[in-house]
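Working notes, structure below.
The model shown is predicted, which means the values in this text are computed figures rather than measured ones. Below, read A as the first sequence line, B as the second, and so on, with proteins coming before strands; counting in each chain starts at 1.
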Protein chains: 2
Amino acid sequence: MTTASRPLYAQLADTLRAKIAAGEYEPGSKLPSERALCETYSASRNTVRLGLQRLVAEGLIVASQGRGYTVRRPDVLVYNASRSEDHDRRISAGVDAWVQDIREQGRNPSQRISVSIERAEPHIASRLELEPDALVLVRRRLRFVDDQPWSSEDSYYAYEVVKGTPIAEPGDIQQGVIAYMASMGYVQTRYVDDVTAAMPNPEQVNELQLEPGVPLLIRTRTGYTDDEKPVRVTVTAMPTDRNVLRYELGGPKRG
Amino acid sequence: MTTASRPLYAQLADTLRAKIAAGEYEPGSKLPSERALCETYSASRNTVRLGLQRLVAEGLIVASQGRGYTVRRPDVLVYNASRSEDHDRRISAGVDAWVQDIREQGRNPSQRISVSIERAEPHIASRLELEPDALVLVRRRLRFVDDQPWSSEDSYYAYEVVKGTPIAEPGDIQQGVIAYMASMGYVQTRYVDDVTAAMPNPEQVNELQLEPGVPLLIRTRTGYTDDEKPVRVTVTAMPTDRNVLRYELGGPKRG
DNA sequence: TGGGGCAACTGGTCCCAACAAGTTGAGCCA
DNA sequence: TGGCTCAACTTGTTGGGACCAGTTGCCCCA
């Protein structure tokens with residue numbers, strides 16, 4: 001038996017994971033309490049907690065003080081990244097492309113926008129091709145679906161370019177930002193998306209109301225003009241228990 | 001002080017996280033041992049371990065039995081998803097697009113391929129528009145960079161379509177698979193990528209030699225013919241401590 | 001009958017102790 | 001000097017125990 005050498009807490013995690021996969025514990029249903037598992041598996045509460053915490057870290061179950069452990073119920077919405085900069089679509093809808101995306105899925109989107117001026121962090125500065133610590137205008141966007149925090153999106157512009165314009169004011173002018181930049185000679189024609197994921201830090205946990213074990217999908221979009229000047233950097237953080245990022249490539253529409 | 005109400009182990013994690021962010025502990029350097037931290041912060045070893053495990057779960061540090069805790073050193077390669085199906089590029093190189101991508105970054109790529117016939121899991125079957133439990137041919141690909149496991153890529157085809165063809169044989173025929181499918185009337189012209197992330201299960205930890213706290217970036221690519229028939233589903237699992245997924249959109253080259 | 005309070009659950013935090021197992025380097029022996 | 005052993009570190013696992021802090025529902029009282 002390979003299980004003989006495997007730690008007790010890992011065996012417990014394996015057992016429970018298998019039962020969840022087999023449907024023995026359905027999404028939304030409760031697991032036995034820690035103390036009950038102690039008796040069942042003849043283990044100390046310390047060991048049982050280690051096993052359960054492993055499943056929590058995998059995102060399979062959620063713990064709630066006073067109520068117990070429940071199997072996570074998935075609720076995922078699609079964010080279509082390849083058409084979010086589609087000019088015609090944005091104009092016709094009159095709203096943010098993300099708002100449109102969520103409405104099409106029958107949900108109620110909303111967002112809270114704040115604007116600030118900051119010194120650029122290194123990875124932002126290098127993408128915008130600015131000197132380190134150059135001033136950038138940041139439009140922070142916290143997005144909600146049915147009044148639940150869903151994702152965040154922060155856009156960075158070189159402050160030298162946008163100061164004194166409507167872009168530097170709070171408010172939902174997303175439908176016009178790209179057009180406005182274009183009117184000032186900054187026409188974005190090409191985008192590069194870098195996608196990665198990371199476990200959230202405490203700030204992000206608080207802002208997005210994250211449960212333990214949920215990774216953040218992070219997309220960093222850099223927009224360029226025809227002559228390869230970076231115009232904007234957008235960092236989107238999407239909890240993966242509620243978001244899928246979609247790209248549609250090729251096909252007759254694009255040639 | 002807000003710290004007064006925050007648990008001890010969380011305060012310890014916050015303190016160490018701040019020191020790492022400030023560069024006080026550089027990548028590759030060692031943290032004080034658990035027992036040393038016990039004395040410094042007047043906490044029990046259990047509490048200290050809780051704090052350290054939190055940082056491990058965030059992917060900031062790695063633990064090694066007998067050696068201590070070290071600050072993780074990043075080593076990330078770019079996988080360009082938007083040009084990996086580029087026909088001309090693949091033909092000219094004579095190799096897998098991923099192999100080409102990695103070589104361009106000055107590293108040594110290799111892969112191990114195995115082929116099997118399985119019953120389709122629900123999410124694969126629905127994407128290929130097959131009945132549940134229909135037979136699919138699976139080409140499993142484990143990818144290495146400098147002989148270290150780097151990512152995995154599993155491609156699924158309807159068995160009815162590919163049985164008896166070279167595709168059903170082990171070996172690296174990636175440069176010809178799409179062309180071969182095309183010659184049989186399955187011309188892929190459109191792709192849909194769904195990107196998400198998840199914490200790995202023990203199998204994936206073992207296969208990809210993952211350290212705790214590293215999320216998997218998961219891309220599910222479905223390829224369609226001109227008349228919207230799905231041809232292939234590819235699931236790529238990329239540890240985020242070694243991979244970034246890149247999409248290049250718009251621009252003069254495409255549209 | 002309505003409402004409040006309390007008892008009995010739940011997980012969360014923290015302490016102590018002991019031994020297993022991996023790593024490293026000093027020092028001894030051939 | 002070369003190689004091996006072993007002691008002294010390190011983290012990993014597991015067992016206790018105690019008390020705090022949410023949640024829920026029963027039951028009693030007004």
Please pick, from [options], the nucleotide with the shortest atom-to-atom distance to any side-chain atom of [X].
X       : options                : result
B:Asn46 : C:dT10, C:dC15, C:dC14 : C:dC15
A:Tyr9  : D:dT13, C:dG11, D:dG15 : D:dT13
B:Gln65 : D:dG16, C:dG22, D:dT24 : C:dG22
A:Leu8  : C:dG11, C:dT13, D:dG15 : D:dG15
A:Arg35 : C:dT10, D:dG15, D:dT14 : C:dT10

Nucleotide [N], atom [atom2] - distance to [atom1] of [X] in whole Å:
X       : N      : atom1 : atom2 : value
A:Arg45 : D:dG16 : CZ    : P     : 13 Å
B:Leu52 : D:dT13 : CG    : P     : 14 Å
B:Glu34 : C:dA20 : CD    : P     : 18 Å
B:Arg49 : C:dT13 : CZ    : C1'   : 16 Å
B:Arg6  : C:dC14 : CZ    : C1'   : 16 Å
B:Arg54 : C:dG12 : CZ    : C1'   : 12 Å

Query raised in the report: How many angstroms lie between atom CD1 of B:Ile218 and atom OG1 of B:Thr240, to the nearest 0.5 angstrom?
Result: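 Here the rounded value is 10.5 Å.
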Query raised in the report: So, does A:Arg221 use its side chain to make a donor-acceptor pair with the main chain of A:Ala81 at under 3.5 Å?
Result: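 Such a contact is found between A:Arg221 side chain and A:Ala81 backbone.
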**Report entry** Side chain A:Gln105, main chain A:Ile102, donor-acceptor under 3.5 Å
**Finding:**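 No; zero donor-acceptor contacts below 3.5 Å.
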Query raised in the report: Listed by chain and number, what are the ring pair (Phe, Tyr, Trp, His ring centres under 6.0 Å) partners of A:Tyr247, not counting sequence neighbours?
Result: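 A:Tyr247 satisfies ring pair (Phe, Tyr, Trp, His ring centres under 6.0 Å) with B:Tyr247 only.
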Report task. Considering just the side-chain nitrogens and oxygens of B:Tyr69, establish if one lies under 4.0 Å of OP1 or OP2 belonging to D:dG12. Result ->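 Answer yes for this pair, as a side-chain N or O of B:Tyr69 is under 4.0 Å from OP1 or OP2.
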Query raised in the report: Side-chain N or O of A:Ser33 less than 4.0 angstrom from OP1 or OP2 on C:dT10?
Result: yes
